[in-house]
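Just so we're clear, the structure is a prediction, and the values are computed from it rather than from any experiment. Counting starts at 1 for both ligands and their atoms, in listed order.
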Amino acid sequence: MYSTRKVKEDLIYVGASDRRLALFENLFPLTEGVAYNSYVILDEKTVLLDTVDSSVSMQYMENVEHALNGRTLDYLVINHMEPDHCANIEAIVYRYPEVKLVGNAKTFQFFEQFYTLKDSENYHIVKEGEELSIGKRTLKFVMAPMVHWPEVMMTYETSEGILFSADAFGAFGALDGNIFADEYDYRGRTLDEARRYYVNIVGKFGVNVLNVLKKFDNLALNMICPLHGPILREKEDIDLLVGKYVAWASYEPELQSALIIYGSMYGNTENAAHFLANELANQGIRNLKMFDVSKTDASYIISNLWIYSHIVFASPNYNGDLYFKVDNVIREALALSFKNRKISFITNMSWGGKALKTMQELLETGKNIEFIGEPVEIKSSLKQENEASLLALATTIAQSINA
Ligand SMILES: Cc1cc2nc3c(=O)[nH]c(=O)nc-3n(C[C@H](O)[C@H](O)[C@H](O)COP(=O)(O)O)c2cc1C
Ligand SMILES: [Fe+2]
Ligand SMILES: [Fe+2]
């Protein structure tokens, strides 16, 4: 049975959600599933925008057939060739053999690399800014290279200002019947999951994101239809998310406050991290956030690195070096172009090691990263003698936040 939703007149949501998948890209935990969005436009020509992941193929094919309501399919626009959106291209071609596949040169290179079908007679190759009239509506293709793959493009419907934005503006989380951002608590969980999606999947490519956003400076954006998560149609939701994208892609913090990321086996480093947090709170700092690297998946911690202006890393020495999971968070963040932050350190040692040196050497490779305050080193457990240095570090961080 079909499971479609009307987006607006002659625009139908034909995507589907997967609530079973544990890890997106076999990396990022999904607590509430993920949606693979796809859309049908019914005009003089019929158009399908992207397909979905293989996990929801059966539902998807029923949805497309229902949406087309007996008509054949004229165009399949391929905005992104990643398999979570392309698993059904071949099935669509077999079902609608006349369909023209719309993509750029790279799209078809990847298509032939990933799949066995070579259907070059049906390729409709488009370039930057090219338009395709489908009747009352016209589709304009906007290249979005490296957001987050080389072949990515976006499709802009010109008469109503609808942007089919590929992975950009997407979010983790299944769609639960509701498909619009304004039907969810968008400013809460959904925005957090849009951030976690952005930072972990697209975070490295801020420059490319800003370049694409510039192309829409003079175009009305009345609706954004991403490939994951809810559709945005209210101006305030669109403005909010576009504003967030500019901040995230510019690596500008959202909050002037401190994020404390600690690793701890026996609780002593954690104790020091908490002492510092309490003192920051005593000094009036709000919205403090602490993460235990062993408890919380790195994707959530890294998402928060994009929020906070000030970061404290606290780590024990472990076999002479940095605690593995602290090391991992720092390396992943730097691999995603983490920058523009103020950083402080707490380490714990019983006989020695280069935990502090490793953190400093790693983070020195990031752009515009400033170390503030004297690093605090505790010996095995927190003692009265550490009080003054932790209070001093808290004061330095608080003054910097309030500056
Ligand atoms: C497997 C293991 C390796 C350790 N390696 C070091 C080390 O290389 N240098 C060091 O000074 N302390 C080392 N320690 C001791 C820790 O510094 C000490 O246990 C400290 O209290 C850990 O902090 P925590 O209570 O926050 O886990 C190690 C401890 C463990 C369990
Ligand atoms: Fe993707
Ligand atoms: Fe995707």
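Ring orientation note: the planes of Phe345 and Phe313 are close to parallel, at an angle under 30° on the 30°/60° scale.
Checked by atom type, the side-chain pair Ser55/Asp18 shows a donor-acceptor distance below 3.5 Å. Checked by atom type, the side-chain pair Asn211/Lys214 shows a donor-acceptor distance below 3.5 Å. Side-chain polar atoms of Gln59 and Glu62 form no donor-acceptor pair below 3.5 angstrom. Side-chain contact check for Thr116 and Glu90: at least one donor-acceptor pair (N or O, by modelled atom type) lies under 3.5 Å.
The distance from ligand 1 to the heavy atoms of Asn319 drops below 4.0 Å at these ligand atoms: 3 (C), 4 (C), 5 (N), 6 (C), 7 (C), 8 (O). Residue-ligand proximity, Thr269 to ligand 1, at heavy-atom distances under 4.0 Å covers atoms 23 (O), 24 (P), 26 (O). Close approach to Gly352 involves these atoms of ligand 1, each under 4.0 Å from a residue heavy atom: 7 (C), 8 (O), 9 (N), 10 (C), 11 (O). Below 4.0 Å from some heavy atom of Ser350 lie the following atoms of ligand 1, by number and element: 10 (C), 11 (O), 12 (N), 15 (C), 16 (C), 17 (O), 18 (C). Against a heavy-atom cut-off of under 4.0 Å, Asn317 is close to the following atoms of ligand 1: 4 (C), 5 (N), 6 (C), 7 (C), 9 (N), 10 (C), 11 (O), 12 (N), 13 (C), 14 (N), 17 (O), 28 (C). Within the listing of ligand 1, atoms 7 (C), 8 (O) sit less than 4.0 angstrom from a heavy atom of Gly320.
Of all protein heavy atoms, the one lying nearest to atom 21 (O) of ligand 1 is Ser380 O, 3.0 Å. Protein heavy atom nearest atom 1 (C) of ligand 1, with residue, atom name and distance: Tyr318 CE1, 3.4 Å. Closest protein heavy atom to atom 28 (C) of ligand 1: Trp351 CH2, 3.7 Å. Nearest non-hydrogen protein atom to atom 31 (C) of ligand 1 is Met265 SD, 3.5 Å. Protein heavy atom in closest approach to atom 25 (O) of ligand 1: Asn268 ND2, 2.7 Å.
Considering every non-hydrogen atom in both Asn386 and Ser381, the closest pair reads OD1-O, 3.8 Å.
The heavy atom nearest to atom 20 (C) of ligand 1, out of those in Ile378, Asn348, Asp321, is found in Asn348. Taking all heavy atoms of Tyr323, Tyr262, Tyr266 into account, the minimum distance to atom 24 (P) of ligand 1 is reached by Tyr266.
When the shell of 6.0 Å around OH of Tyr266 is examined, it contains 12 or fewer heavy atoms from other residues, nucleotides or ligands.
Contact check on Glu160 versus Arg137 returns a salt bridge, with a Lys/Arg side-chain nitrogen under 4.0 Å from an Asp/Glu carboxylate oxygen. A salt bridge is absent between Lys357 and Asp321: the closest approach of a Lys/Arg side-chain nitrogen to an acidic carboxylate oxygen does not fall below 4.0 angstrom. With salt bridges taken as basic N to acidic carboxylate O contacts below 4.0 Å, none links Glu361 and Lys354. Ionic pairing of Arg331 and Asp327 is present here: one or more N-O contacts between side-chain nitrogen and carboxylate oxygen are shorter than 4.0 angstrom.
Among the atoms of Glu82, no N, O or S atom is found under 2.8 Å from the Fe ion (ligand 3). Counting backbone and side-chain atoms alike, His148 contributes an N/O/S atom closer than 2.8 Å to the Fe ion (ligand 2). Checking His80 against the Fe ion (ligand 3), every N/O/S atom stays at or beyond the 2.8 Å cut-off.
For the pair OD2 of Asp84 and NE2 of His228, the angle whose vertex sits at the Fe ion (ligand 3) is 90° to 10 degrees.
Geometric assessment of Arg341 against the ring of Tyr308 yields a negative cation-pi assignment under the 6.0 Å and 45° thresholds.
The shortest heavy-atom distance from Gly353 to ligand 1 is not under 4.0 Å.
As for Asp167, its N/O/S atom nearest the Fe ion (ligand 3) is the one called OD1.
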